[in-house]
Engineer: 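Pasting a structure below so you can have a look.
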Amino acid sequence: MEVRVNVIEKRLRNVKRIISVASGKGGVGKSLVASSLALNLSHKGFNIGLFDLDLYGPSSHIILGVKKQNFPEEEKGIIPPKIHGINFMSIIYFTKDKPSPFRGIDISNIIIELLAITQWGPLDYLIIDMPPGIGDETLDVIRLIKKSEFLVVSTPSKVALGAVSKLLKILIELKIPIIGVIENMVITKSSFIENEVDKLDLTYLGTIYFDKNLEESIGKPDKIFKTNFMKDFDKILGEIDL
Amino acid sequence: MEVRVNVIEKRLRNVKRIISVASGKGGVGKSLVASSLALNLSHKGFNIGLFDLDLYGPSSHIILGVKKQNFPEEEKGIIPPKIHGINFMSIIYFTKDKPSPFRGIDISNIIIELLAITQWGPLDYLIIDMPPGIGDETLDVIRLIKKSEFLVVSTPSKVALGAVSKLLKILIELKIPIIGVIENMVITKSSFIENEVDKLDLTYLGTIYFDKNLEESIGKPDKIFKTNFMKDFDKILGEIDL
Amino acid sequence: MHEWALAESIITTAVEAAEKKKLKTISEIKISIGELQQIEQDIFEFALGEIIKSQDEKLKNVKTIIITEESKLKCKNCGNKWKFADIKKKLNDDESESIHFIPEVTFVHTRCPKCGSPDFEITSGRGVSITSIKGKR
Amino acid sequence: MHEWALAESIITTAVEAAEKKKLKTISEIKISIGELQQIEQDIFEFALGEIIKSQDEKLKNVKTIIITEESKLKCKNCGNKWKFADIKKKLNDDESESIHFIPEVTFVHTRCPKCGSPDFEITSGRGVSITSIKGKR
Ligand SMILES: Nc1ncnc2c1ncn2[C@@H]1O[C@H](COP(=O)(O)OP(=O)(O)O)[C@@H](O)[C@H]1O
Ligand SMILES: Nc1ncnc2c1ncn2[C@@H]1O[C@H](COP(=O)(O)OP(=O)(O)O)[C@@H](O)[C@H]1O
Ligand SMILES: [Mg+2]
Ligand SMILES: [Mg+2]
Ligand SMILES: [Mg+2]
Ligand SMILES: [Mg+2]
Ligand code: NI
Ligand code: NI
Ligand SMILES: [Zn+2]
Ligand SMILES: [Zn+2]
C-alpha cells in the first residue's frame, strides 16, 4: 500500500487556492506568468507559494534570480526557502541544476515525494509552474491536487493553439476549473485566439504584448515589476479579481 | 522477451542519416526548423522522411498544412503518407488530433510500436521533430536509434539556455553526435548564446532572426520557402553542408 | 497487413535468440500478443509462414503457437478495473482501427467506464513477445 | 527530520485502512522503506512514536516493524544490474543527501556502473509502503 499519496491532501489543507499555470505548449510564457503572478500577489500582501513542476527545464529560479541552491530546512518535512517573500519549491535544490534524464514513472514519483514532504504552511495561493504536454505532471496534478484550478497561457500562433486546445479540451471534459486563457507575446492584436476561446465557452482573460525589454529583467524581480509585461499582466489581474 | 525493439534497426537500415531536431526547451522553433529542414532538403532532391515525435503537441502537420488524417497505407507495416514530397509520420493519423493524455510508459510504447511498424524505405535523411524535455522520447531516441545525430535549437534567452544546456550536457556526456546549435528568434544579435556554445566546445551554426511574417506562411509550404526564416536557415544549411 | 511487421519482429528475435543459445534448429516459438493489439490472427499466421519460408534451414520445421494475452485496465483515479472487450463495442471503426495500429491511443479514444478518467493503466494486454523458444543444438 | 513527513503518511494511511476494515485497535503495522530513501531509522522510529502518541486510542499499543527494501537497479541500455549500495561510496555528501530527499535524483547524480547510461530503472528500493496491518474489530 503506497502511503505518501494519502498525506498530500493534509499538506495542502491550509492552502486557500491552488492555481496551475499551464498551456500544453512550450515556450508560451508559462514560467514568466507563474513567477510574475507569485511576485504580484506577494507584493499585494498575500502569502504565496510557488512550485516549479517543470523538472526537465526548471525556469522559475532563473526568473527569480535564485543563486544559491542549498537544501531546504527540515522541520517535520521540508520548508520551502523564501525567495523575495515567496515560498519557493523546485527540483533544483536536489539536482543542483544538473541535467535530469527522468522517465515518466520517475516524474510521477518525484511529484508524489515533493507533495508528501513539503510543508507549505498556510498560504493564500499556491502557484504551480507547469511543464508543457499532457503527461505525468498534468495527470498527477489532476489526480493528486483535486482543488487545483488552471490558468492557461497561449501565444497568437496556430502552432501553439494546436497544443493549447488539446489541454483545454481534456480539462473541460474532466470538469476541472479553468480560470481562463491569457494570450501572451502578442505583436499585432487579432481576434484569432479570443474566438477559439469563445468557441470552447471559456473566458479570454486578456492580452500581454511582446515585451522586447523583458529579457533584461530576467533574474531581477525588482525590475520585473517595472516591465511592460507586468503592466499588461497586472491589468488582467485587476479585471479578473482573483 | 519484447520483440518489437529488435526490428527497429532493420527498419532504419536504408536511412542514410537521422537528424533529431531537439532543444530541451519548448517553443524555441524545433518544429519550424524540423519541417523547414525537411522541405528544404526535399526541394534539393533528397529523399526525406519526417517523424513528429511530439505526441502531446504534434506541430509538423500544422506547419505542413496536412488536412486529411486518413490512416497510412499498410504494406508489410505502415507506409508514411507523402506530404509535399516528404514521407511524413505522426501520431495524428491515430489520435485524429484529439488530446493525448499519455504517461511516460505509454510514450515509450508508442515510439517502439511506430519504429517497429513504419516502413520508411530508402531515405537520404530522416528528420525527427522532438518534444521538449529529457524524458522518455529523448531517452528512447538515444536508446533505440543509435545512429541519430542531434541538431539543437535555442533562443537568445537565459530561460531557454537553462534547459538547452542541460540537454547539451547529457548528449556530450553520452558522446552522441551533435551537429551544432542554431540560435532562433533573434531580435537583436548578441554573443550570449554563441559564447555558451563555445564553452561547451560545440559548433554554433548561426542565427535565424525573428520573422514577424512567419505566421502567415504556417500551413502553406510553398510560402514557407519564401520567408525570411527560410532564407536565414538556408544560409546556415549552405555553410554546414549537411 | 501491418501484422507482417510484427511477425517479422518475432522471427528476427527468435533467430537472434537461437544464435545466442547456439540452437541449430528451432522447433517451437510461443508467442504472446496483447489483446489491445487486435491482431488479425489469420493474417498474422500467414505473415509468419511467409517470413519463415524466406528464412534459412533453422526454421524449416518450426511450430508457432500464438496466445492472446487478455487485456486488463485499471483506473488510477477511481481504482476501477475492466477489460478492453468490455468497452470495444462503444468504439467506432476509426477508433478501433487506431488502437489496432497503436494500442496506446486507447488513452485517446476510451475512458474509465466508471469515472470517465483517461488516467488509467494497461496492466496487461499490450505488446508482442516471445514467451518460449524450443530447439536442438 | 523530513522523516517525520513520511512517518505521518504511514500513520495517516494506517488509520484510514483501519477505518475501512472496521478495526477498533491496530496492533501491528509492517512498513517497507526503499533503500534509496536512505531513512535514518532512529529518527524515523522516533517520529513514528511521537505521531502515534498524538493519535487516539486506536494506536495505543501498536507495534511497528520496519523493513528496508533492498534497491535493485537495471540499465535499459546495457542490461547491467546493480544495487545502490554498490555505488553509494562514490557519491559526495550533497549528492547522497539529495537522493535521501528525492530518491529519483539518483538519475541525476549516478550512472550505470558498466556503460555510464543515466537510462536505468529502479526495479525495487524506492518509496514507502505498508505491507500489512493487524488489529482487532
Ligand atoms: N510577453 C513577452 N514578451 C517577450 N518575451 C516573453 C514574453 N513572455 C515570455 N517571454 C519569453 O519567452 C520565453 C519563454 O517563456 P517561458 O516563461 O520560459 O515559457 P514556458 O514556461 O511556457 O516554456 C522566455 O525567454 C521568456 O523570457
Ligand atoms: N524565427 C522565427 N520568427 C518568428 N516566429 C518563429 C520563429 N521560429 C519559430 N517561430 C514561432 O514560434 C512558435 C514556436 O515554434 P515551434 O516550432 O512550434 O517550437 P517548438 O517546436 O520548439 O515548440 C511558433 O508559433 C512558430 O511559428
Ligand atoms: Mg516553463
Ligand atoms: Mg514542436
Ligand atoms: Mg494514461
Ligand atoms: Mg531514467
Ligand atoms: Ni493491421
Ligand atoms: Ni531527512
Ligand atoms: Zn475511474
Ligand atoms: Zn548500462
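Because the structure is predicted, anything quoted here is derived from the model rather than measured.
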Engineer: Crowded around C:N92 CG? As in, over 12 foreign heavy atoms under 6.0 Å?
Structural biologist: yes

Engineer: Against chain B, work out which of C:V105, C:T131, C:T12 has the most heavy-atom pairs shorter than 4.5 Å and name it.
Structural biologist: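 Of C:V105, C:T131, C:T12, C:V105 has the most heavy-atom pairs under 4.5 Å with chain B.
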
Engineer: Testing the basics here: between B:P101 and C:P118, what is the closest heavy-atom pair and its distance to 0.1 Å?
Structural biologist: CG-CB, 3.5 Å

Engineer: Counting distance only, does the side-chain N/O of C:E104 pair as donor-acceptor with the main-chain N or O of B:D106 below 3.5 Å?
Structural biologist: no

Engineer: Take atom NZ of C:K81 as the centre, draw a 6.0 Å sphere, and report whether it contains more than 12 heavy atoms from other residues, nucleotides or ligands.
Structural biologist: no

Engineer: Return the CD to CD distance between C:E97 and B:E74, rounded to the nearest 0.5 Å.
Structural biologist: 6.0 Å

Engineer: Do other residues, nucleotides or ligands put more than 12 heavy atoms under 6.0 Å from the NZ atom of B:K82?
Structural biologist: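 Yes, the 6.0 Å shell around NZ holds more than 12 heavy atoms from other groups.
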
Engineer: Just wondering, are more than 12 heavy atoms of other shown residues or ligands nearer than 6.0 Å to NZ in B:K220?
Structural biologist: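 Enclosed: over 12 neighbouring heavy atoms sit under 6.0 Å from NZ of B:K220.
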
Engineer: Top residue by heavy-atom pair count (under 4.5 Å) with chain C, among B:I112, B:V7, B:V5?
Structural biologist: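 If we count pairs closer than 4.5 Å to chain C, B:V7 comes out on top.
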
Engineer: Can you tell me which residue pairs pass the salt bridge (Lys or Arg N to Asp or Glu O under 4.0 Å) test with a partner in residues 59-70 of chain B, sequence neighbours excluded?
Structural biologist: none

Engineer: What distance do B:N109 atom CG and C:I122 atom CD1 have between them, rounded to the nearest 0.5 Å?
Structural biologist: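 Between B:N109 CG and C:I122 CD1, I get 7.5 Å after rounding to 0.5 Å.
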
Engineer: Within a reach of under 6.0 Å around NZ of C:K83, are more than 12 heavy atoms found that belong to other residues, nucleotides or ligands?
Structural biologist: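 No, NZ of C:K83 has 12 or fewer neighbouring heavy atoms, counting only those of other groups under 6.0 Å.
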
Engineer: Of the backbone (N, CA, C, O) and the side chain (C-beta and beyond), which part of B:Q119 lies under 4.5 Å from a heavy atom of chain C, both, or neither?
Structural biologist: side chain

Engineer: Heavy-atom distance under 4.5 Å to chain B: side chain of C:I11, backbone, both or neither?
Structural biologist: neither

Engineer: Can a salt bridge be assigned to the pair C:E8 and B:R11 using a cut-off of 4.0 Å between side-chain N and carboxylate O?
Structural biologist: yes

Engineer: Would a distance-only check, ignoring hydrogens and angles, find a side-chain to backbone donor-acceptor pair under 3.5 Å from C:S98 to B:F94?
Structural biologist: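 Looks like yes, one N/O pair under 3.5 Å.
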
Engineer: Assess whether side-chain contact (heavy atoms from CB on, under 4.5 Å) is satisfied between C:E95 and B:K98, documenting all intermediate values.
Structural biologist: CA-CA 11 Å; C:E95 291 163 345; B:K98 290 202 271 180; 3.5 Å; yes

Engineer: Can you label the angle between the B:F102 ring and the C:F107 ring as parallel, tilted or perpendicular, going by 30° and 60°?
Structural biologist: perpendicular

Engineer: Taking every non-hydrogen pair under 4.5 Å, which of B:V3, B:L55, B:I78 racks up the most with chain C?
Structural biologist: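 Of the options given, most contacts go to B:V3.
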
Engineer: Which value, rounded to the nearest 0.5 Å, describes the distance between B:I117 atom CD1 and C:E3 atom CD?
Structural biologist: 9.5 Å

Engineer: Can you confirm whether more than 12 heavy atoms, excluding those of C:K58, are under 6.0 Å from its NZ atom?
Structural biologist: yes

Engineer: NZ of B:K16: more than 12 outside heavy atoms within 6.0 angstrom?
Structural biologist: no

Engineer: Run the side-chain contact (heavy atoms from CB on, under 4.5 Å) test on B:N6 and C:S9 for me, step by step, so that the C-alpha distance in whole Å, both residues' side-chain angles and the decisive distance to 0.1 Å come before the verdict.
Structural biologist: CA-CA 6 Å; B:N6 292 309; C:S9 71; 5.9 Å; no

Engineer: Considering only heavy atoms, which portion of C:K76 lies under 4.5 Å from any heavy atom of chain B: side chain, backbone, both, or neither?
Structural biologist: side chain

Engineer: What's the shortest heavy-atom distance between C:L6 and B:E113, and which atoms?
Structural biologist: CD2-OE2, 3.8 Å

Engineer: Has B:E9 got more than 12 heavy atoms of other residues, nucleotides or ligands less than 6.0 Å from its CD?
Structural biologist: no

Engineer: With side-chain contact (heavy atoms from CB on, under 4.5 Å) as the criterion, how do C:D119 and B:R103 come out once you've worked through the C-alpha distance, each side chain's angles and the decisive distance to 0.1 Å?
Structural biologist: CA-CA 8 Å; C:D119 189 14; B:R103 285 187 177 267; 2.8 Å; yes

Engineer: Between B:T118, B:I107, B:T95, who has the most heavy-atom pairs with chain C when the cutoff is under 4.5 Å?
Structural biologist: B:T95

Engineer: Given side-chain contact (heavy atoms from CB on, under 4.5 Å), test C:I133 with B:M1 step by step and report yes or no.
Structural biologist: CA-CA 10 Å; C:I133 296 180; B:M1 206 176 350; 4.2 Å; yes

Engineer: Can you say whether B:I91 sits under 4.5 Å from chain C via the side chain, the backbone, both, or neither, judging by heavy atoms?
Structural biologist: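 The side chain, not the backbone.
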
Engineer: To the nearest 0.5 Å, how far apart are CG in C:D94 and CG in B:N70?
Structural biologist: 8.5 Å

